[in-house]
Amino acid sequence: MPHLVILYTPQLDAETDLPALCRALADTMIGVKDENAKAVFPVGGVRVLAYPAAHSAVADSQRDCAFVYLNLRMARGRSDIAKKNAGDALAAAVRAHFAPVLARRHIGITLQIDEGAEVFDAKLGNLHPLFNKG
Amino acid sequence: MPHLVILYTPQLDAETDLPALCRALADTMIGVKDENAKAVFPVGGVRVLAYPAAHSAVADSQRDCAFVYLNLRMARGRSDIAKKNAGDALAAAVRAHFAPVLARRHIGITLQIDEGAEVFDAKLGNLHPLFNKG
Amino acid sequence: MPHLVILYTPQLDAETDLPALCRALADTMIGVKDENAKAVFPVGGVRVLAYPAAHSAVADSQRDCAFVYLNLRMARGRSDIAKKNAGDALAAAVRAHFAPVLARRHIGITLQIDEGAEVFDAKLGNLHPLFNKG
């Protein structure tokens with residue numbers, strides 16, 4: 001956590017650089033600050049995963065429409081400003097990345113942020129100490 | 001939004017036409033009406049994405065069991081009748097599509113509708129104007 | 001339901017046995033008991049699906065970091081002890097599976113359990129009667 005999962009229609013793999021999008025969004029997350037100019041997300045907690053669908057249908061299938069859904073799940077309890085800053089920064093990065101795609105094809109793009117409402121949570125990895133070293 | 005994501009065990013790709021399922025469910029979504037006979041979902045907002053798992057385990061693995069999970073995420077605030085009509089219509093379409101599969105193999109099928117509880121939401125694409133032209 | 005979805009960075013397919021992880025977690029779920037020593041999950045309802053990302057970015061990409069996200073979605077209304085027992089048992093199984101991976105590489109592992117808050121739910125398959133036979 002926080003992790004950003006990208007689901008998209010598969011024709012986009014030939015039309016835009018998805019690995020670059022993942023990296024750009026991870027960098028964006030690393031740079032988000034809250035109202036105290038403090039980083040909202042720890043570097044070691046930033047994860048972006050992208051999945052082209054194997055099969056899909058968008059709108060009425062009368063045109064070749066692409067679709068990208070970006071969902072960031074973050075831990076509960078961050079401030080409203082932290083959430084807004086995260087959303088605005090990610091939206092700007094998504095807009096910048098997809099500008100050439102938007103100029104030449106039909107595409108739906110939805111970005112949403114959820115706060116996790118989990119009833120059990122365990123962090124079992126070894127990344128955080130790596131990035132928290134003084 | 002609304003988008004429907006289908007997660008399934010991969011043996012089904014050889015047993016049923018998943019692209020046809022995606023199209024049938026998108027058409028079903030386009031046809032759902034609320035209590036005022038008004039379309040519940042805008043055409044330009046209908047998206048269905050299907051993902052076979054790379055690896056899976058179902059029940060006790062003593063039999064070849066398939067599994068399909070269908071999750072529709074829709075925006076908050078629609079009426080109870082709109083939600084029920086959407087669920088009933090999608091359940092009927094899923095039943096019709098899988099009837100021959102249900103007749104010949106073990107398969108679990110779960111359909112659920114969630115209302116998004118997002119704390120940030122941005123639509124950044126260009127599809128809606130395309131379908132809202134007078 | 002309950003279903004467990006595993007999202008992970010794709011280098012892990014070459015480093016650990018993901019099908020074995022799926023099976024181990026399904027077995028773990030089958031074995032979870034509540035405060036009355038009753039099985040929390042019906043055998044016919046246990047499903048584990050694993051998905052390697054096509055593209056990903058973890059932390060600052062300055063090191064080869066892997067990431068695994070495990071999300072169990074269970075029906076609402078189970079007891080706090082049932083939830084805790086499920087989480088503890090799955091966390092132990094995840095720790096055991098990944099111990100050799102944790103010993104040799106950077107990896108983030110997050111396990112979360114959500115209670116479904118669906119507004120529509122339909123079970124359309126034929127698995128449960130199979131496992132409920134007397």
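In what follows, chains carry the letters A, B, and so on, assigned in the order in which the sequence lines appear, proteins first and then strands, with residues in each chain numbered from 1.
The salt bridge (Lys or Arg N to Asp or Glu O under 4.0 Å) check on B/D17 picks up nothing, with sequence neighbours excluded. Checked against side chain to side chain donor-acceptor pair (under 3.5 Å), C/N71 has the following partners two or more places apart in sequence or in another chain: C/Y69, C/D114.
When side chains are defined from C-beta on, B/D60 does not count as touching C/V46, because their heavy atoms never get closer than 4.5 Å. The shortest side-chain heavy-atom distance between B/L7 and C/V5 falls under the 4.5 Å cut-off. No side-chain heavy atom of C/E118 sits under 4.5 Å from any side-chain heavy atom of B/I113. When side chains are defined from C-beta on, B/H55 does not count as touching C/Y51, because their heavy atoms never get closer than 4.5 Å.
Residues of residues 86-109 of chain B placed with any heavy atom under 4.5 Å of a heavy atom in chain C are listed by number as B/G87, B/D88, B/A91, B/V94, B/R95, B/L102, B/R105, B/H106, B/I107, B/G108, B/I109. Residues of residues 18-34 of chain C that come within less than 4.5 angstrom of chain B, heavy atom to heavy atom, are C/L18, C/P19, C/C22, C/R23, C/A26, C/I30 in numerical order.
Within the cation-pi definition used here (under 6.0 Å to the ring centroid, within 45° of the axis), C/R47 does not qualify as a partner of B/Y8.
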Subject >> Trace of the side chain to side chain contact (heavy atoms under 4.5 Å, CB included) decision for B/T110 with C/D121 >> reply: CA-CA 7 Å; B/T110 298; C/D121 182 54; 4.1 Å; yes
Subject >> Worked check of side chain to side chain contact (heavy atoms under 4.5 Å, CB included) between C/K123 and B/Q112 >> reply: CA-CA 9 Å; C/K123 305 292 188 289; B/Q112 297 185 315; 4.2 Å; yes
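The contact between B/A66 and chain C is made entirely by backbone atoms, counting heavy-atom distances below 4.5 Å. Heavy atoms closer than 4.5 Å to chain C are found in the backbone of B/P52, but not in its side chain.
The distance from the OG atom of B/S56 to the CG atom of C/L49 is 6.0 Å, given to the nearest 0.5 Å.
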